[in-house]
Amino acid sequence: MTDRLEIRNLHVRVEEKEILKGLDLIVQKGEIHAIMGPNGSGKSTLAFALMGHPKYEVTEGEVLFKGENILELEPDERARLGLFLAFQYPYEIDGVPLSRFLLQAIKARRANGEKLPFGEFRKRLLENLKKLRLDESFATRYLNEGFSGGEKKRAEILQMLMLRPEIAILDETDSGLDIDSVKIVAEAVNALRGPDFGCLAITHYQRILNFLKPDYVHVMVDGRIVKSGGPELAHELEAQGYEPLLRELGIELEEGAQRPSKEEEKEGVA
Amino acid sequence: MTTNGTSAQTNVELWSRQAVETLSRERGEPDWLLAWRLEHWEAAQRLSMPGSRYTQVRGLSLEELTPAPAAAIPGEAASPPRPEATAEEEGVAARYALLDGAAPRIERSSGLQPKGVLLLDVEEAVREHPELVREALAALPAPSDRITALQQAFFRHGLFAVIPRDVSLEEPLKVVQEVTQADRAAFSLGVLIAEPGSSVTLLEELVSSREVERAALHVGSLYVRVGRGAEVRVASVENLPTRVFHFARRRAVVEADGRLSWTLGWLGGRLVMSHVETVLDGPGAEVEDVQVFFTDGRQHFDLTSNLLHEKPHTRGEVNVKGALKGKSKSVFWGLIRIAPGAQGANAFQAERSLILEDGPRSNAIPSLEIEANDVRCTHAAATSQLDEEQIFYLRSRGLSEDEAQRTIVEGFFEPTLEKIPLESVRERMRELLHRKWQGTAGAKAA
Ligand SMILES: Nc1ncnc2c1ncn2[C@@H]1O[C@H](COP(=O)(O)OP(=O)(O)OP(=O)(O)O)[C@@H](O)[C@H]1O
Ligand SMILES: [Mg+2]
């Protein structure tokens, strides 16, 4: 099967420190996977490494997508191949209006001269803004500049909807969103759901999973997937936290890696 | 250098006191003007080259330069190239062109005459309206460096324009100055008087149709008077060849309720030293100064913007933004002076530069002289570098590395470009910045 993202024995180092320590995962198109795990366990590191962030050095393993080892590709080549990352902390780019940027990114992905008529672009943009309950004027603002936390997250999903990736990695897109927005974002993701779309959603909370209804839930601890299961696994974690699972697996957390802070737990309950 | 004994000798004569006398006599100038020129020639002998510990004029030797002559030198173009479109077709009220500081050509659209706008080359203006020229020259500050002093001693041409009281010129006046000759010193001295209640836009371009193979000097000055309640916009784009040394002096006096806007774009030249000074000389006078630059290679830009708030309730805003590549350097000097009694003055000044590689250096030297107590005064300067994380973010959406960088750089300029009051100038600046990016990106790849 080439229509899947296949991660094999992935080891990743950041600033001389090994963060991912042999991670295996297969995301088939048509599936939604959730990854949960304590703070600092390496979830964002996985997302960045998959997207090709230059600071995240792959020391071992491979990542196959569409028959290619994408680790050899530049980040933009990976994007053009159909990979997308919704950032946990999106960057602000001054002076670049969101809509102009979207048009530019769509053009960049259609390197072979295939055209998107402006009228159609505009129509899709308006539809997607509406889907995310964003005002039309939002698209004229500079990319993430002065956006509220929740607006940034929704802008990430807007980009995903416009770029129509085949595999989307959502890094805590639900964190910082109010209750209604979590639902709006989840519904937007669900709208893409189908045989041509796979998703890897990193999250700390059950709430978004209630809407996303993932096919698989994985628990990541200290740079590895330590347990995989169905949606019920997320419920278990939500109810009991990571401790019972860690005890069962005989894992002790290293210094620096922690459980979600009190504040974030509260956010989960809110 | 290429200079041999004889031509060096000739060049010394070309810069002599006698040369000034000859120039003035040949043009039949009044005595006061000859005296004015000689006074500056004397000053030039004592003054030193402009500069500071950030900027030194190197690689330019005045002795090897020839001041622009009265008539075209055989073998050289006799006049600036004539654009294909007429002034009217181009949508300008008038066009004034200079080639290497000589051979002025004015084209006026037919709509100009009935409005009583005075539009002359300064040589003509001296003949026809000597008292107006005399008054304008008297308003220029005494030169503080040799280059400016020599320009005032040796200038021949420049646009002299007077917009009569309450006349609004919808279409801009356009001034195009070309620098095409190596070893040449080209001077221009422009005057724009906007009488009370009038309105005018001046577009300046400093360009070249070709590369200049050795050093050349271009010195341009502009004096603007914005009368009571008048509105003046000056927009200039400098895109001179890489071996040209360019010195620009712009001074404006804005009277009560007058409004002035400077838009200056700096792209070309080897060394650019620009000095902009706005005197807010009546209550309610306002100025907005937007400057944008992009340097690469070994370019060195030294830009000054002085806001002089002389009267109460005056408002000044300066926004300077620049990107640097290669081994280029930029220095920005920003002075805000608020005179005693100028209560309610509001001054804002910001300079930001973006360094795109490891080589460039950028400095900002703000200074404040506040002598009134009820004022608002803000100034800020910052230098930043391209952010790898931002680049990665854009690349993750499919933009190539070059495109991601360009997007960030153009985005860096965008909010400042949006402050440019004239759509056409804004578009031109965008295009030139884009081309400069491509030029440097191409050079890097080579
Ligand atoms: N760019 C970086 N520089 C230095 N250390 C880093 C960098 N990125 C990640 N790390 C370190 O790698 C470890 C894993 O971080 P990562 O961001 O992947 O965790 P996470 O699972 O996404 O956590 P969270 O749930 O808090 O988002 C942490 O110890 C972190 O400090
Ligand atoms: Mg994370």
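Residue numbering restarts at 1 for every chain, and letters A, B, ... go by the order of the sequence lines.
- For residues 147-165 of chain A, heavy-atom neighbours of chain B at less than 4.5 Å comprise A:E156, A:Q159, A:L163, sorted by residue number.
- Side-chain atoms of A:R78 come within 3.5 Å of backbone N or O of A:L50 as a donor-acceptor pair.
- The environment of B:K327 atom NZ is sparse: at most 12 non-hydrogen atoms of other residues, nucleotides or ligands sit within 6.0 angstrom.
- Although no hydrogens or angles enter the test, the distance criterion places a donor-acceptor pair under 3.5 Å between the side chain of B:R397 and the main chain of A:L85.
- Heavy-atom distances place the backbone of A:E92, and not its side chain, under 4.5 Å from chain B.
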Test log, rule side-chain hydrogen bond (donor to acceptor under 3.5 Å, both in side chains), inputs B:W266 and B:Q291: CA-CA 8 Å; B:W266 306 102; B:Q291 304 198 33; 3.0 Å; yes
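- Note on A:Y142, A:Y91, A:F101: by heavy-atom pairs under 4.5 Å with chain B, the leading option is A:Y91.
- You'll find the side chain of B:L422 reaches within 4.5 Å of the side chain of B:L203, heavy atoms only.
- Looking at A:L102, neither its backbone nor its side chain comes within 4.5 Å of chain B, counting heavy atoms on both sides.
- A:R193 places a side-chain N or O within 3.5 Å of a backbone atom of A:L212 that can act as its donor or acceptor partner.
- Within the 3.5 Å criterion, the main-chain N or O of A:L25 finds no donor-acceptor partner in the side chain of A:E6.
- Here B:S261 contributes atom OG and B:L202 contributes atom CG; the two are 11.0 Å apart, rounded to the nearest 0.5 Å.
- Within residues 359-367 of chain B, no residue approaches chain A closer than 4.5 Å by heavy atoms.
- Contacts between residues 378-395 of chain B and chain A, defined by a heavy-atom separation under 4.5 Å, are made by B:E389, B:Q390, B:F392, B:Y393, B:L394, B:R395.
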Stepwise side-chain hydrogen bond (donor to acceptor under 3.5 Å, both in side chains) test for B:E238 and B:H246: CA-CA 9 Å; B:E238 177 276 319; B:H246 175 57; 5.9 Å; no
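- Along residues 409-420 of chain B, the residues that come nearer than 4.5 angstrom to chain A, judged on non-hydrogen atoms, are B:G411, B:F412, B:E414, B:P415, B:E418 in order of number.
- For the 3.5 Å distance criterion, the side chains of B:S328 and B:D296 fail to qualify, holding no donor opposite an acceptor.
- Proximity of a side-chain donor or acceptor of B:E357 to a complementary backbone N or O of B:K325 within less than 3.5 Å is not detected.
- Defined by atom type and a distance below 3.5 Å, a donor-acceptor pair is present between the side-chain atoms of B:D289 and B:S305.
- Aromatic ring centres of B:W333 and B:Y54: separated by under 6.0 Å.
- Classified by interplanar angle (parallel below 30°, tilted 30° to 60°, perpendicular above 60°), the ring pair A:F118/A:F121 is tilted.
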